[in-house]
Amino acid sequence: MNGQLQPSVFEIINVVGTGERSIGFWTEENGLVKKIDQEPQSVEALSTWKDYLKYIIWPGEADSAPKGWEIPTNGKKLRIGVPKRTGYTDLVKVTRDPITNSTVVTGFCIEFFEAVIRAMPYDVSYEFIPFEKGNGEAAGNYNDLVHQVYLGRYDAVVGDTTILANRSSYVDFTLPFIKSGVGLIVPMDDLVNRDHFSFLKPLSWKLWVTSFVFFFFIGFTVWVVEHRVNPDFQGPKRYQASTIFWFAFSTMVFAPRERVFTFGARILVITWYFILLVLTQSYTASLASLLTTQKLNRTITSMRSLLERGERVGYQRTSFIFGKLKEAGFSSSTLVPFDTPEESDEFLRNGPENGGISAAFLETPYLRLFLGQYCNTYKMVEEPLNVEGFGFVSFQDYYYSENSLNGEIETLFFAGVSRAILKVAESPKAMELQHAWFKKKEESCPDPVTSPDPNPYVTSRQLGVDSFRLLFIGVFVICIITLGKFTFCFLKKTEGNDSYINRVEKCSCSSKQQTVHNRSQARQPQ
């Protein structure tokens, strides 16, 4: 072209220090290839340069590509304040390395922040500074910690800091990295004594008595109707009496040995079978519920019920919940602070009569940790307060006006943090972190967020006669009708014995029993 030769192949060089190394070629026909004689590869949607070029050594002999420019901070790292917690350290935990005396900060919030920093397109230098006194205790509550950003002691705050309207009036928050709210948890009273007689408790004593009475009533009715025409119900008096009991209880498992011939008796037995099916299935379901379900204190179902009764309630010591409960109408004398899950468990077990509390208010992340340890003893019944969630604290806009360059840098930085939060939240990394730090200490405990109780007030109920009254009345009416028809026919003394019962083929066992009975009568002396 224009009298000049056009190269058909370009070699791609990786410059390392003062040397160089070939990592691939570019041809007009095949594009990027590792070798000049390599066959062309099909272009895939998710392919990268690693599929077409050899291994690249980046500046500084790094294995990964550099992120680009680094935020200038005048040679200083970002000062990030972290809360000093006593309990619920799965979210934020501050410790000291006994060898180096350096600060070690761990927890879900810290690992999520580090994942966000790795997801940003540039490097950020920072250091964690615990909000604590010289003796290692917390220097204040969360409002005091957030206020330190406004005063300029910290450049940001990373931790379990709830996004609130009053805090956002003097600092900025990033997008929430975990949802939150305030849940109300109450103790569950295990009112069922599981002992050797637990199998009797699904049914009330009236239903037990009614069932046994009808067992014998049904057996007696069938015997009355059948014994004159059915050899299975004939024989000596003791045999007939035992047959009544045997037939009555064998219907419980739907396996009576004796055949039923008369039409009325068959209708009665079919009806009784249906009642037994309903009764046994209800008994099984009730027994399973009774042995596995605990009962809540039904007097505490909401925050309003606590206010009406003037109950003592607990809250996290350094949380904003204290102010919210005061606004809701609770007096300071009824509010009891606690720090650790063990301390809140002790207060709830003691109850208000022994200096404890009737219920406790916890933010959703702490509630997940608490119920993951004590799900068999407590349950969340309401979420009376809604909040945005946990967010990272940043500078306020008017703080930038003192230094326009740094203001633009910090604005850019925290805008990038919010975008990186979305990126991490939408990735599998977010679920990995939640599974790692919100793991259940009690394996049988469900997660109250991912697997909430659809109806926390439902308790097991003892079945009574009223639940089956209509069925018992129906079978009683059929018994009366069957007995009445038999009595009428018996009193009428119809001539002859031409009944379809006589034409029913008797079972061999019945014939043998009848033959043996006849022979025994024949052997008796005249």
Side-chain angles (χ1 to χ4, degrees), residues 1-78 80 110-127 155-156 158 174-175 177 392 394-395 400 403-433 435-436:
M1 182 178 291
N2 297 329
Q4 296 181 357
L5 295 175
Q6 297 297 317
S8 59
V9 178
F10 289 93
E11 183 179 10
I12 301 175
I13 303 298
N14 180 202
V15 179
V16 182
T18 59
E20 60 184 37
R21 53 190 292 268
S22 176
I23 60 173
F25 300 89
W26 180 90
T27 64
E28 186 176 0
E29 296 81 9
N30 301 329
L32 292 174
V33 291
K34 296 180 181 180
K35 297 180 180 180
I36 193 65
D37 56 349
Q38 181 179 336
E39 293 293 331
Q41 300 181 8
S42 59
V43 179
E44 300 179 358
L46 299 178
S47 60
T48 63
W49 60 266
K50 296 180 180 179
D51 300 320
Y52 304 100
L53 297 176
K54 297 178 182 178
Y55 177 74
I56 298 178
I57 300 177
W58 299 98
E61 299 184 358
D63 297 333
S64 59
K67 291 185 176 180
W69 58 276
E70 183 177 353
I71 292 183
T73 55
N74 297 327
K76 296 181 180 179
K77 298 180 179 180
L78 287 177
I80 298 180
I110 303 303
E111 288 200 8
F112 196 99
F113 175 75
E114 292 174 346
V116 168
I117 294 299
R118 288 192 296 269
M120 297 182 68
Y122 42 78
D123 289 329
V124 179
S125 298
Y126 60 89
E127 62 177 336
D155 299 321
V158 170
T174 62
L175 292 176
F177 60 90
F392 304 134
S394 64
F395 291 101
Y400 304 152
N403 190 324
S404 59
L405 178 60
N406 287 345
E408 293 175 0
I409 291 173
E410 299 299 340
T411 301
L412 178 62
F413 169 66
F414 283 104
V417 169
S418 293
R419 286 192 292 270
I421 287 176
L422 293 176
K423 185 176 180 180
V424 174
E426 295 172 359
S427 69
K429 183 65 176 178
M431 292 303 300
E432 292 177 7
L433 291 176
H435 290 158

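Computation of the quantities below employed the complete heavy-atom set of this structure, encompassing side-chain atoms and omitting hydrogens, waters and symmetry-equivalent molecules.
The shortest heavy-atom contact between Val116 and Ile421 is CG2-CG1, 3.8 Å. When all heavy atoms of Glu11 and Phe25 are compared, the pair lying nearest together is CG-CE2, 3.6 Å. For the residue pair Ala430 and Phe112, the shortest heavy atom distance occurs at CB-CE1, 4.3 Å. Contact record, Arg21 with Ile56: NH1-CA, 4.1 Å, taken as the closest heavy-atom pair.
Side-chain contact between Asp155 and Tyr126 is absent, with no heavy-atom pair separated by less than 4.5 Å. Side-chain contact check for Leu32 versus Ile12: some heavy-atom pair is nearer than 4.5 Å. Side-chain contact check for Ile80 versus Glu127: every heavy-atom pair is 4.5 Å or farther apart.
We find the CD-NZ distance between Glu111 and Lys429 to be 6.5 Å, quoted to the nearest 0.5 Å. Rounding to the nearest 0.5 Å places CD of Glu114 at 6.0 Å from CZ of Arg118. With rounding to the nearest 0.5 Å, the separation of CG in Leu433 from CZ in Phe177 is 10.5 Å. For the atom pair NZ of Lys423 and CE of Met120, the computed distance is 10.5 Å after rounding to the nearest 0.5 Å.
Note on ring orientation: taking the six-membered ring where Trp is involved, the planes of Phe113 and Phe392 are perpendicular (angle over 60°, cut-offs 30° and 60°).
The backbone N or O of Ile57 sits less than 3.5 Å from a side-chain atom of Asn14, completing a donor-acceptor pair.
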Between Ile23 and Ile13, is a side chain to side chain contact (heavy atoms under 4.5 Å, CB included) present by the stated rule, with each step listed?
CA-CA 6 Å; Ile23 60 173; Ile13 303 298; over 6 Å; no
